[in-house]
Amino acid sequence: MPMVTVHHLDEWGQLVSTAPADLVGVALEERRPPTEPVAYHGRPGKLSNWWCATTGGHVVCGSLRVRGVALELDFDPDIAWIGGQPVELRWRGARGKRRWRPDFMVRTVGGARHAVVVAPDKGDGPQWRENLEVLHEVAAAAGWRVSVHHVPARMRLENLELAGEYRQPMTVPAQEQEALEAAFYHERPLAEGVLVSGVPQGLAMDLAYRLVWQRRLTVHWDRPLGPWATAWCAEAAA
């Protein structure tokens, strides 16, 4: 393996270069990118921050494809923290100096750290394979795991984007939430459950989508998440 250095911001916000083994237990996922964020190399796209319900702040994304994976991570209840591009790996490869930023560093509820990278959409060429090989070696030394994610399928992504519009915290009277959840004890269309819940219709539909985002209502993610999509209470299914 080539000698790899990891460039990141330290706890005082200063740019430092560290050996992978010195990063065991370091909360890099909570730090900003080491320099100005960069777009996904070799692919058309643009930087697109995602306001993250998991952290209550913005996560840097190198492209719209990467943003789709950020949305999936934000929806995952096992993820406790997400950081966009907080580390940059540098090494000398067969073709000279190389540098690469994994798309995310995340920490799970159980405390495990993952370097998350988004799989390329047009095959895994030699550069991608070299990047992954280096990342796996760094992760082994730093105590991380490596996770390769694909962009969610189109229908799932569209549904996550819709539910994600309701991810911001909002105070909801417990009585109204309980009434709406009770209406979905059995699977039924969202619009139907909203009507029978007794909760004012406008509020009830917004709350229904909010409960989908919170995983309190379960839906068929491979079907359009419109008013006639069926949903049911997650607790009832458990």
Side-chain angles (χ1 to χ4, degrees), residues 27-30 37 40 45-86 102-119 121 144-172 177 180-181 184 187 189-190 193-194 204-238:
L28 294 174
E29 68 279 358
E30 297 183 12
Y40 195 76
K46 61 182 181 179
L47 292 169
S48 179
N49 289 345
W50 172 255
W51 187 87
C52 179
T54 301
T55 65
H58 285 91
V59 172
V60 171
C61 301
S63 73
L64 294 178
R65 294 183 69 251
V66 173
R67 184 176 179 271
V69 173
L71 173 52
E72 185 86 85
L73 293 171
D74 199 12
F75 185 63
D76 187 342
D78 291 330
I79 302 297
W81 202 271
I82 308 168
Q85 299 184 6
D103 297 294
F104 306 102
M105 286 292 299
V106 306
R107 185 177 70 244
T108 68
V109 173
R113 288 190 167 85
H114 293 243
V116 177
V117 293
V118 179
D121 59 345
W144 308 338
R145 301 173 186 174
V146 176
S147 298
V148 179
H149 283 239
H150 294 268
V151 178
R154 181 176 178 180
M155 182 56 66
R156 179 174 176 83
L157 181 57
E158 290 178 357
N159 289 339
L160 282 171
E161 288 174 340
L162 174 57
E165 293 179 4
Y166 299 87
R167 67 191 183 280
Q168 290 82 0
M170 187 183 82
T171 301
V172 178
Q177 179 168 323
L180 191 62
E181 289 182 355
F184 289 99
E187 183 174 358
L190 286 169
V194 162
M205 185 58 76
D206 284 356
L207 179 54
Y209 283 118
R210 196 171 301 278
L211 294 178
V212 170
W213 174 259
Q214 295 172 357
R215 292 178 177 262
R216 298 189 66 83
L217 289 184
T218 304
V219 298
H220 297 283
W221 289 99
D222 58 347
R223 304 175 189 173
L225 189 57
W228 293 105
T230 59
W232 61 98
C233 185
E235 292 183 356

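Numbers here are sequence positions counted from 1.
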Flag side-chain contact, heavy atom, 4.5 Å: D103 against V116: no
Student check: side-chain heavy atoms of P102 and W144 closer than 4.5 Å: no
Listed partners of W213 passing ring-ring contact (aromatic ring centres under 6.0 Å, His included), at least two apart: F75
T108: partners by side-chain hydrogen bond (donor to acceptor under 3.5 Å, both in side chains), with sequence neighbours left out: none
Gap between atom CZ of R113 and atom CG of L28 - 0.5 Å precision: 7.5 Å
Backbone of A119 reached by a side-chain donor or acceptor of R65 within 3.5 Å: yes
Stepwise side-chain contact (heavy atoms from CB on, under 4.5 Å) check, H150 with V69: CA-CA 7 Å; H150 294 268; V69 173; over 6 Å; no
Distance-minimising heavy-atom pair for L180 and A208: CD2-N, 3.6 Å
Main-chain N/O of L211 paired to Y166 side chain as donor or acceptor, under 3.5 Å: no
Closest contact, heavy atoms only, L162 versus L225: CD2-O, 3.0 Å
Flag side-chain contact, heavy atom, 4.5 Å: M105 against H114: no
Atom CZ of R145 with >12 non-hydrogen neighbours under 6.0 angstrom: no
Rounded distance [0.5 Å steps], CD in E29 versus CD1 in I79: 10.5 Å
Closest approach of V212 to V219 (non-hydrogen atoms, all atoms of both residues): CG2-CG1, 3.9 Å
Under 3.5 Å: donor-acceptor pair, side chain of R167, backbone of Q214: no
Set of residues satisfying side chain to side chain contact (heavy atoms under 4.5 Å, CB included) with respect to P224, sequence neighbours excluded: M155
Chi angles and distances behind the side-chain contact (heavy atoms from CB on, under 4.5 Å) call for R210, R216: CA-CA 9 Å; R210 196 171 301 278; R216 298 189 66 83; over 6 Å; no
Partner set under ring-ring contact (aromatic ring centres under 6.0 Å, His included) for H220, not counting sequence neighbours: W232
Flag side-chain contact, heavy atom, 4.5 Å: P86 against F104: no
Point-to-point distance, once rounded to the nearest 0.5 Å, from OG1 of T230 to CG of L217: 11.0 Å
Closest heavy-atom pair and its distance - G193, F184: CA-CZ, 3.5 Å
Residues which pass side chain to side chain contact (heavy atoms under 4.5 Å, CB included) with E161, listed by chain and number, not counting sequence neighbours: R67, L71, L157
Close side-chain approach of N159 to R223, heavy-atom, < 4.5 Å: no
Atom pair CH2/CG of W228 and L190 - distance to nearest 0.5 Å: 9.5 Å
For the student: nearest non-hydrogen atoms of T55 and I82, plus distance: CG2-N, 3.6 Å
Evaluation steps, side-chain contact (heavy atoms from CB on, under 4.5 Å), between E30 and W81: CA-CA 7 Å; E30 297 183 12; W81 202 271; 3.6 Å; yes
Contact summary for C52 and V59, nearest pair of heavy atoms: CB-CG2, 3.7 Å
Distance in Å, M170 CE paired with L207 CG, rounded so as to fall on 0.5 Å steps: 6.5 Å
Residue pairs involving residues 71-80 (criterion side-chain hydrogen bond (donor to acceptor under 3.5 Å, both in side chains); sequence neighbours excluded): W50-D74, T54-D74, E72-R156
